[in-house]
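First up is the structure itself, then whatever we jot down about it.
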Number of protein chains: 2
Amino acid sequence: MEAEAIKKNENFLKLKQSLILKPVLDESCIVHQSLTLLANKWTLLVVMALMQGTKRTNELQKQISGVSPKVLNETLKKLINYGLINRKVYPEVPPRVEYSLTEFGISLADPLAALLDWSVEHENRVNEIYKNKL
Amino acid sequence: MEAEAIKKNENFLKLKQSLILKPVLDESCIVHQSLTLLANKWTLLVVMALMQGTKRTNELQKQISGVSPKVLNETLKKLINYGLINRKVYPEVPPRVEYSLTEFGISLADPLAALLDWSVEHENRVNEIYKNKL
DNA sequence: CGGTATCCTAGGCGATACTG
DNA sequence: CAGTATCGCCTAGGATACCG
């Protein structure tokens, strides 16, 4: 689609323009800082999973298969410290803990949606690279 | 801005809807695969730097201060294998090597622009978290 | 069920030194 | 200047076992 292509090019030029103002991408750069905090597979997958709504620990564990309980827990604690998610404990036996996004966490919907779109759009290519473990 | 808030909420709902279709975020999920390949600080910073245009190795080295030459090189090789960047060698002494984005690499402008926007919008908060090394 | 603690390994990453 | 090789640290992250 022509309009789509034009829009993409506009996005590219806009990004290029924004980045021109950032001659250095060192620690003082806010993008650098964001990436330091968030550029992690498990971290982003947990946030994504919670975009669907409130979930229990075990649900997250099952949905994001591949994470060990330990790493999942560390990731959740980190996200709580960041203020991106809430943790709610119900006084029951057996215990019941639910996680949900904060407003701050929900604000990640924009970048995550863009990533999801990109992934779907380039699905074949990404899968090819992934399989070849390049 | 009201319109802005509405748009953000729409993005959230849209993402939520898209994700509902993905009950499992395991290795077979394309988002999982994308994140496995790209969710890395240096990887994304290099791509971002190249959004500004073609650059020499040393330029990247200086601009993304904090990377060691070794890691920078490994990252560049990885990105070449992914087909995201080009490498051009000039037959000169001393050698001159330039890197640039491929079309595929340029397609990352959308998610990266969204991330940049998010970073700038939440700059204070991100910086606060970053400083406290949470 | 949710979380912690302990142990242990693979690999990310820095430092240094060397080739073309 | 660009890249490789070697060494070595150190932490992300898996496995297991144990408390509330």
Side-chain angles (χ1 to χ4, degrees), chain A residues 25-27 32-33 35-47 49-50 53-82 85-100 130 132-134, chain B residues 25-27 32-33 35-47 49-50 54-82 85-100 129-130 132-134:
Chain A
L25 295 171
D26 68 355
E27 284 202 6
H32 186 117
Q33 297 183 7
L35 289 173
T36 301
L37 298 175
L38 298 174
N40 174 281
K41 176 174 148 182
W42 302 124
T43 302
L44 294 176
L45 281 176
V46 168
V47 174
L50 291 176
T54 299
K55 285 186 198 295
R56 297 183 60 171
T57 314
N58 222 14
E59 289 182 90
L60 289 169
Q61 178 72 57
K62 277 180 289 185
Q63 182 170 23
I64 312 173
S65 64
V67 235
S68 67
K70 181 191 168 216
V71 171
L72 175 60
N73 208 44
E74 289 169 348
T75 304
L76 288 168
K77 278 199 287 188
K78 188 178 76 172
L79 288 172
I80 291 168
N81 284 332
Y82 289 179
I85 67 174
N86 296 308
R87 178 175 184 271
K88 171 148 190 187
V89 185
Y90 293 85
E92 302 173 5
V93 178
R96 171 190 182 81
V97 179
E98 288 185 346
Y99 294 94
S100 59
Y130 185 80
N132 292 334
K133 309 251 184 238
L134 287 178
Chain B
L25 296 171
D26 67 355
E27 284 203 6
H32 186 118
Q33 297 183 6
L35 288 173
T36 301
L37 299 175
L38 298 175
N40 173 280
K41 177 174 148 184
W42 302 126
T43 302
L44 294 176
L45 280 177
V46 168
V47 174
L50 291 177
T54 299
K55 284 188 199 296
R56 298 183 61 171
T57 314
N58 220 16
E59 288 181 272
L60 289 169
Q61 179 72 54
K62 277 180 288 184
Q63 182 170 22
I64 311 172
S65 63
V67 236
S68 67
K70 183 189 168 220
V71 171
L72 175 60
N73 208 44
E74 289 169 349
T75 303
L76 288 168
K77 277 199 287 190
K78 187 178 77 173
L79 289 172
I80 291 168
N81 284 331
Y82 289 0
I85 66 174
N86 297 308
R87 178 175 183 272
K88 170 147 192 189
V89 185
Y90 294 83
E92 302 173 6
V93 177
R96 170 190 183 81
V97 179
E98 287 186 347
Y99 294 93
S100 58
I129 300 170
Y130 184 79
N132 293 335
K133 309 252 182 236
L134 288 176

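In what follows, every chain begins at residue 1, and chains take the letters A, B, ... in the order their sequences are listed.
Exactly one of B/Leu72, B/Ile64, B/Val47 qualifies for a side-chain contact (heavy atoms from CB on, under 4.5 Å) with B/Trp42. That residue is B/Ile64.
For B/Lys77, a side-chain nitrogen or oxygen approaches OP1 or OP2 of D/dT4 to under 4.0 Å. Between B/Ser68 and C/dA15 there is no side-chain polar atom (N or O) within less than 4.0 angstrom of OP1 or OP2. The side chain of B/Arg56 places an N or O atom within less than 4.0 Å of a non-bridging phosphate oxygen (OP1 or OP2) of D/dA2. Note on B/Arg87: every side-chain N or O is 4.0 Å or more away from OP1 and OP2 of D/dA2. Residue B/Asn73 places none of its side-chain N or O atoms closer than 4.0 Å to OP1 or OP2 of D/dA2.
Atom CD of A/Gln61 and atom P of C/dG2 are 9 Å apart (whole Å). In this structure, A/Lys88 places its NZ atom 16 Å from P of C/dG2, rounding to the nearest Å. Across the protein-nucleic acid pair, A/Asn40 atom CG and D/dA12 atom P stand 9 Å apart, rounded to whole Å. As a whole-Å value, the separation of B/Tyr90 OH from D/dG3 P is 13 Å. The distance from atom CH2 of A/Trp42 to atom C1' of D/dG14 is 11 Å, rounded to the nearest whole Å. Atom NZ of A/Lys70 is separated from atom P of D/dA17 by 16 Å (rounded to the nearest Å). In this structure, the CD1 atom of A/Ile64 is 15 Å from the C1' atom of D/dG13, given to the nearest Å. Look at CG on B/Leu72: it is 13 Å from C1' on D/dC1, rounded to the nearest Å.
When the nucleotides C/dG3, D/dG14, C/dG14 are ranked by their closest atom to the side chain of A/Val97, C/dG3 comes out on top. The side chain of B/Pro95 lies closest to D/dC1, out of C/dG3, D/dC1, D/dG14.
Rounding to the nearest 0.5 angstrom, the gap separating the CZ atom in A/Arg56 from the CD atom in A/Gln61 is 13.0 Å. Note that CG of A/Leu60 is 10.5 Å distant from CG of A/Leu45, once rounded to the nearest 0.5 Å.
Among the protein residues, A/Lys41 comes within range of no part of the nucleic acid, since none of its heavy atoms lies under 4.0 Å from any strand. When heavy atoms are screened at a 4.0 angstrom cut-off, A/Tyr99 is found touching the sugar-phosphate backbone but no base atom.
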Legend entry - Intermediate values then yes/no, side chain to side chain contact (heavy atoms under 4.5 Å, CB included), A/Leu37 and A/Gln33: CA-CA 6 Å; A/Leu37 298 175; A/Gln33 297 183 7; 5.6 Å; no
Inset, instruction - Show your reasoning for whether side chain to side chain contact (heavy atoms under 4.5 Å, CB included) applies to B/Arg96 and B/Lys88. - result: CA-CA 8 Å; B/Arg96 170 190 183 81; B/Lys88 170 147 192 189; over 6 Å; no
